[in-house]
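This report refers to the structure that appears directly beneath it.
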Amino acid sequence: MLAATLSGCGSGAQDASPAGTSSDPSAAEGGGATTLTVFAAASLTGTFTELGRTFEAAHPGTTVRFNFGSSATLAQQIVQGAPADVFAAASPATMETVTGASLAANPTTFVRNTLQIAVPADNPAKVDDLADLADPRTKVALCAVQVPCGAAAARALDTAGLKVTPVTLEQDVKATLTKVELGEVDAALVYRTDVIASGGKVRGIDFPEAGKAINDYPIATLTKAPAPDLAGRFVALVLSPQGRDVLTGAGFDAP
């Protein structure tokens with residue numbers, strides 16, 4: 001059923017709060033081995049993996065398993081019956097697929113994300129702004145319009161009145177960025193957080209139209225969650241000051 005392989009988080013991270021304090025929303029209660037399954041947008045891979053380790057450290061015996069991918073694909077998997085406890089989407093529209101099926105309720109926007117133009121570090125095509133992507137000589141990668149990063153790119157291009165013909169349409173933002181990292185394209189429209197996460201493999205270029213295509217990220221526990229108590233605690237960690245620091249440190253904006 002799952003389009004992406006579920007991968008477990010390591011549990012070597014240290015708990016940020018002293019043992020026995022109650023201020024940490026991820027504080028452990030009870031014992032016993034338990035698995036928490038989180039479906040999350042591909043752009044959350046780095047930050048949620050870190051928060052997963054923090055959660056495991058605070059809940060001995062618990063394993064956090066992630067399914068990262070296109071929010072649209074993940075939403076369809078949930079609707080089709082894939083077992084999961086938490087869904088974190090890269091757009092309200094993809095969350096609505098799940099809430100509309102009565103599989104989640106009361107999602108909360110926890111961060112926002114902004115597009116950048118990603119180019120190779122040496123920028124061989126000399127891309128400077130969004131208009132350069134409309135040059136037929138420029139090889140461009142975009143996310144498919146059905147997924148949040150593609151929908152945001154379409155809004156930005158519409159705002160600028162530009163028509164871009166990509167050489168490839170990818171199913172999530174990580175795959176789109178990889179095309180730039182491998183030098184297969186001259187530029188791509190991806191999230192600022194993914195440019196930061198590339199560790200210098202690509203360079204990000206801001207453009208004014210990105211302000212008209214900011215994506216809100218909602219998170220919710222699922223109504224059929226196998227581990228509803230842990231699901232609520234994980235969402236609380238994401239929404240906590242500790243979670244906010246991890247996310248904004250990676251380039252996300254607070255809502």
Side-chain angles (χ1 to χ4, degrees), residues 3-5 40-49 67-76 88-91 93-94 111-217 250-253:
T5 301
S43 49
L44 294 166
T45 300
T47 52
F48 268 38
T49 297
N67 183 16
F68 293 112
S70 157
S71 295
T73 299
L74 298 176
Q76 287 300 322
S91 72
T94 46
V111 287
R112 294 189 169 106
N113 213 347
T114 304
L115 292 175
Q116 280 189 325
I117 302 167
V119 298
D122 57 351
N123 194 10
K126 308 301 181 187
V127 172
D128 293 316
D129 55 33
L130 199 62
D132 290 334
L133 304 190
D135 187 330
R137 296 170 295 180
T138 304
K139 294 184 290 184
V140 178
L142 296 176
C143 297
V145 72
Q146 296 86 358
V147 301
C149 59
R155 292 197 304 273
L157 293 169
D158 286 346
T159 298
L162 295 173
K163 180 175 176 57
V164 172
T165 303
V167 297
T168 183
L169 289 170
E170 301 297 324
Q171 291 305 307
D172 63 57
V173 71
K174 294 295 185 185
T176 306
L177 183 68
T178 296
K179 294 293 183 179
V180 182
E181 292 176 339
L182 295 176
E184 296 179 7
V185 298
D186 300 313
L189 287 178
V190 300
Y191 297 125
R192 178 177 61 198
T193 53
D194 293 287
V195 172
I196 294 171
S198 75
K201 293 180 183 178
V202 304
R203 179 158 67 88
I205 300 170
D206 291 321
F207 59 98
E209 295 84 0
K212 302 293 185 181
I214 295 173
N215 272 15
D216 289 347
Y217 281 50
F252 289 97
D253 294 317

Compile the donor-acceptor pairs under 3.5 Å between side chains in residues 131-140 and protein atoms, sequence neighbours left out, one pair per line.
{"unit_1": "Asp132", "atom_1": "OD2", "unit_2": "Asp128", "atom_2": "N", "d": "2.6"}
{"unit_1": "Asp132", "atom_1": "OD2", "unit_2": "Asp129", "atom_2": "N", "d": "3.2"}
{"unit_1": "Asp135", "atom_1": "OD1", "unit_2": "Arg137", "atom_2": "N", "d": "2.9"}
{"unit_1": "Asp135", "atom_1": "OD1", "unit_2": "Arg137", "atom_2": "NE", "d": "3.1"}
{"unit_1": "Asp135", "atom_1": "OD2", "unit_2": "Arg137", "atom_2": "NE", "d": "3.3"}
{"unit_1": "Asp135", "atom_1": "OD2", "unit_2": "Arg137", "atom_2": "NH2", "d": "2.8"}
{"unit_1": "Thr138", "atom_1": "OG1", "unit_2": "Asp132", "atom_2": "O", "d": "3.2"}

Review item, side-chain donor-acceptor pairs of residues 145-166, under 3.5 Å, at least two apart:
{"unit_1": "Arg155", "atom_1": "NH2", "unit_2": "Asn215", "atom_2": "OD1", "d": "2.8"}
{"unit_1": "Thr159", "atom_1": "OG1", "unit_2": "Arg155", "atom_2": "O", "d": "2.8"}

Point-to-point distance, once rounded to the nearest 0.5 Å, from [atom1] of [X] to [atom2] of [Y]:
X: Leu115; Y: Ile205; atom1: CG; atom2: CD1; result: 13.5 Å
X: Tyr191; Y: Asn113; atom1: OH; atom2: CG; result: 6.5 Å
X: Gln116; Y: Leu130; atom1: CD; atom2: CG; result: 12.5 Å
X: Ser91; Y: Asp216; atom1: OG; atom2: CG; result: 9.5 Å
X: Leu44; Y: Ser71; atom1: CG; atom2: OG; result: 7.5 Å

Donor on one side chain, acceptor on other, Thr168 and Glu170, under 3.5 Å: yes
Going by atom types only, do Ser43 and Tyr217 share a side-chain donor-acceptor pair under 3.5 Å?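 Yes, because at least one side-chain N or O of Ser43 sits under 3.5 Å from a partner of the opposite role on Tyr217.
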How far apart are the C-alpha atoms of Phe48 and Phe68, what are their side-chain angles, what is the distance that settles it, and do they pass the ring pair (Phe, Tyr, Trp, His ring centres under 6.0 Å) test? CA-CA 10 Å; Phe48 268 38; Phe68 293 112; 7.0 Å; no
Which is it for Leu142 and Thr176 under the side chain to side chain contact (heavy atoms under 4.5 Å, CB included) test, yes or no, and what are the steps along the way? CA-CA 6 Å; Leu142 296 176; Thr176 306; 5.6 Å; no
Heavy-atom donor-acceptor pair, Thr73 side chain to Gly69 backbone, under 3.5 Å: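 Answer holds: no.
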If a pair satisfies salt bridge (charged side-chain N to carboxylate O under 4.0 Å, His left out) and one of its residues is in residues 182-195, list it, with sequence neighbours excluded. Lys174-Asp194, Lys179-Glu184, Arg192-Asp253
